[in-house]
Amino acid sequence: MLFNSLPFLLVFLPIVLGVARLARGKALLAWICAASCVFYAFAGHAWFLVPMAVTTVLDYWVGARIQASPAGSKARMAFLLLSLCGNLGLLAYFKYSGLLVDTAETALHAFGLASHSSWASALRVVLPAGISFYTFQTLSYVLDIYRGHAKPEPSFFAYLAFVAFFPHLVAGPLTRHDQLIPQLHAIEKKGITARFWPGVSLFSLGLAKKVLIADRIGTLVDPILGDVHHLGLVAGWVVAVGYAMQLYFDFSGYSDMAIGLGRLFEVELPQNFDSPYKARDPSDFWRRWHITLSQWLRDYLYISLGGNRASPARVQLNLMITMILGGLWHGANWTFAIWGFYHGLLLVLHRRTGGSWAKLPVWTQRGLMFVLVCVGWVFFRAPTLGAALEWLSAMAGLQGIYVAKAFLSRLAVFVVVATVIAMTAPNGYEIDLDKMPAWRRAALGLATAVAVVMMNFSSKFLYFQF
Amino acid sequence: MSTRPYVVGLLAPLLAVVAMNQLVDAGGIGKTAVVARVAAEQGPSDLVVSPFQLEHRAWVRTRLLMPSECPDVMVIGSSTVGGMKDGFLPGVKLRNAFLGGPTVEDFEAVTSVLRASSCRPKALVVGVDPWWLGNPALDERRWMAWVDDYLAYHERDSLAFRVSTRVTIAWSKVEERLNFTTTRESAKLLFGSLRGQVTLGPRLSHDTPEAFCASITSEHYVRTADGHYVSCPVQIPKPAERRAIAEGYLRGNMHSMGEWREVAHERLDRFERLVRAWGAEYGRVVLLGMPYNPITHTALRRDERVNRNLDELDARLARMQDEHVEFLSLRDAARVPCAEDEFEDSHHAAPACVAKVATALAERTRLLVPAGVPVPKASAH
């Protein structure tokens, strides 16, 4: 089930919110857990609940066992390793086994050896939605207990609600236990007093961003990228910027919807985007793009590797490792690792030449940073490294200047509008929603209405080529 | 702080959209009574015409229940068999009961209607298109227009099934009233109607097909009394457009063929149960794979996954053959043979090609052999 679907908006949300408003105490948390499980079961397959249950129960139990073990004991380390192996093992199986199989098959093929398709097909499995998010969330819970930064949560319902809370379950924001569990206990005690307007307005804004901008651009970008061999300079750049806009408005729109939904349950989820295309340098970009993931990688990976407290060469290596693994977190394809490597390189170069960069005019910094980010998105979007290189060669003008493409001019118009919005307009956190004038509130309602109709795009009753 | 402007801004346009879609009913799902009346009044030389969607199910239902219309050979399937007309098969009365966007549920409803009538055709020709029969990515819901007949077929199923079907249909109609494509088409029709260019809803025309086609400037659905459709020149693409449509069929994900990941076995199981029942009730059943435009067929066969799925689907259809059932695959137009210019688009054969298909049916199957003479066990033709 998606937030931008009629079953969610007209059936699931009214029922879940209506009952939640009436419930109190453990019943409220139990209701949120049950509703979240139903939501998740409809996110793909009902069996998606199984790996989530394994992760949830394992880390709840491990957290308690770590706390019960003496400080510095081998048992604490053993329990931590159990959690790491369990969580990362599940993630590796579901998300990366296909990549490893494909890589192994390619290597075997290169050496003229036959592949073993029976075990290979067994390892190609459907990826449960949101597994990357909830795995990192429960890992941070265990790691914080291990480090002595947190205590185990005594209430299993509160812990389960933290993991499964449906607004952030499938696509984040990556929410820490210390951000969410105290709020869940607060609503458990006094019930939910919905923050209707802050929630609904942010949800509406997110819905409009996703459906009216991201999805529209997506329908124009995808056919053009279907033939990446003949793009030309103009189409190469229009599509690269178009994809940059599609991705931003899609992901940040979904995050806005999640945060808005959280507010309806009187829960404030963390901000995930802060106008990233206004970033002036690579560090600034990562403080604005997918903020909750950046913070997670910083706190649990970069710092664990030694962070800034090391030699310059070691710090640069830490940055590269963090960014490459962060890239792979986004998807099981070596192109994501290259994307992470590219951003790691930008961060390293910026650390070494930051002074000169900072002397450039602000708009020049922003413009250059945006161009660099768009180049990176090529690796993120392209299905293979070969396709990425072809796309980049087009952007470099090696495939000619202009190749006529269907929908290109329409895409260019969308891209210009979206870029102006992304680079100049305030984001959902910068708009004072409470002081919005009446006409803007009416306009937001209208945009939401249009989005509701457009998200339900293709008719199942009409036929054009009967 | 007042949220009233937001609520008004949200609900007013949504209510207007729902009201317009309800009023115009672009999909025709609420026009069954009008279609049934027109179908009942249609004389042998009359045409039923509709500026946009004609609810074929109501037409088919009405005609099947008319004793005078009971045929020797009945054609069912999608519009790919819609050009098959009376006279194409020598010496038999043919009626075409094709449907727009059919699914297995539709054929269950057809079966139920036939059982309710006194009509027992001697043979059925069933167009078996890969998309509605084998592609689970395609989700068509027009069968919901004759839910009573569908549920009559399922009369032995549980109450829970019947209730859930009704709930699903009600929900689908809600979604349809809030659908973008429907809203766009409703708006077009409404404005056309207000300008006097379009008459909403189906009607009877006493013109010949040629005269009617000469009188229109926009796309119309035209169905003759024997059930076949007429394509007016105004709606047939020009050769260059036709070629582009044929080439873009797979790339453009027509019929969700670009998303055809596996063969829909559950759907085929249901279809096979129907085929067995038809074989037992009518004696002769020919499952007919209608030809694709050669350009489209080549593109489909070049795609590894589609090619594999097509083979798997046709192998399954071939296994359905028994003493009552035959399968004739003409998906490759060279087997008819039909050339590229004998198609109206990617998958609709023009009348000349349909006539050749009818000839192939008569010559290569035992369709016209009286029931009771067993069909030899054979592989797919």
Side-chain angles (χ1 to χ4, degrees), chain A residues 5-12 126 194-205 207-208 211-212 215-216 219 222-224 226-227 406-407 432-466, chain B residues 1-18 21 25-29 52-54 56 78-80 82 98-101 138-142 144-145 171-176 178-185 219 221 229 245 249 251-252 254-255 345-348:
Chain A
S5 66
L6 288 181
F8 179 82
L9 290 177
L10 299 187
V11 180
F12 181 84
V126 176
R195 297 167 60 203
F196 181 76
W197 177 245
V200 163
S201 54
L202 193 60
F203 182 89
S204 296
L205 206 60
L207 185 69
V211 177
L212 302 184
D215 290 355
R216 300 287 69 74
T219 58
D222 291 345
I224 297 176
D227 182 18
F407 311 123
D432 190 344
L433 298 168
D434 288 332
K435 290 182 183 166
M436 213 181 230
W439 72 267
R440 281 199 180 182
R441 273 175 269 152
L444 185 60
L446 178 63
T448 310
V450 175
V452 164
V453 174
M454 289 199 79
M455 73 189 187
N456 184 20
F457 199 89
S458 303
S459 170
K460 294 176 170 59
F461 285 88
L462 297 183
Y463 45 98
F464 296 96
Q465 293 257 357
F466 69 119
Chain B
M1 198 207 55
S2 171
T3 55
R4 190 176 298 164
Y6 172 84
V7 173
V8 171
L10 173 68
L11 292 185
L14 286 182
L15 290 174
V17 161
V18 170
N21 288 337
D25 187 23
I29 49 178
F52 194 62
Q53 307 269 299
L54 175 63
H56 294 285
S78 75
S79 56
T80 57
F98 85 91
L99 302 164
L138 192 70
D139 179 17
E140 301 276 12
R141 298 186 189 168
R142 286 185 283 272
M144 292 177 178
W171 175 251
S172 295
K173 288 184 178 173
V174 170
E175 285 188 316
E176 183 62 9
L178 282 169
N179 178 275
F180 172 76
T181 307
T182 303
T183 304
R184 187 186 64 200
E185 297 306 319
E219 185 174 337
Y221 285 87
Y229 75 77
I245 292 169
Y249 177 85
R251 200 173 54 235
M254 183 77 188
H255 295 136
D345 52 31
S346 51
H347 58 285
H348 288 109

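Residue numbering restarts at 1 for every chain, and letters A, B, ... go by the order of the sequence lines. The basis for the numbers below is simple: all heavy atoms, side chains too, and nothing from hydrogens, waters or symmetry mates. From a predicted model like this one, the values you see are computed outputs, not experimental measurements.
Between the OG1 atom in A:Thr448 and the OH atom in B:Tyr6 there is a gap of 4.0 Å [rounded to 0.5 Å]. One distance of note links CG of A:Asn456 with OG1 of B:Thr182; it measures 8.0 Å at 0.5 Å rounding.
Summarising the local packing, CZ of A:Arg440 is surrounded by 12 or fewer heavy atoms from other residues, nucleotides or ligands at distances under 6.0 Å.
Using a 4.5 Å heavy-atom threshold, the side chains of B:Thr3 and A:Val200 count as separate. Two residues are said to be in side-chain contact when any heavy atoms from C-beta on lie closer than 4.5 Å; A:Leu10 and B:Leu178 meet this criterion. Looking at heavy atoms from C-beta onward, B:Leu14 lies in side-chain contact with A:Val453 at the 4.5 angstrom threshold.
For A:Arg441 (side chain) and B:Ser2 (main-chain N/O), a donor-acceptor pair under 3.5 Å exists by modelled atom type.
For the set A:Ser204, A:Ala443, A:Ala447, A:Ser201, the entry with the most heavy-atom pairs within less than 4.5 Å of chain B is A:Ser204.
Neither the backbone nor the side chain of B:Val8 comes within less than 4.5 Å of any heavy atom of chain A.
When all heavy atoms of B:Pro13 and A:Ala449 are compared, the pair lying nearest together is CG-CB, 3.6 Å.
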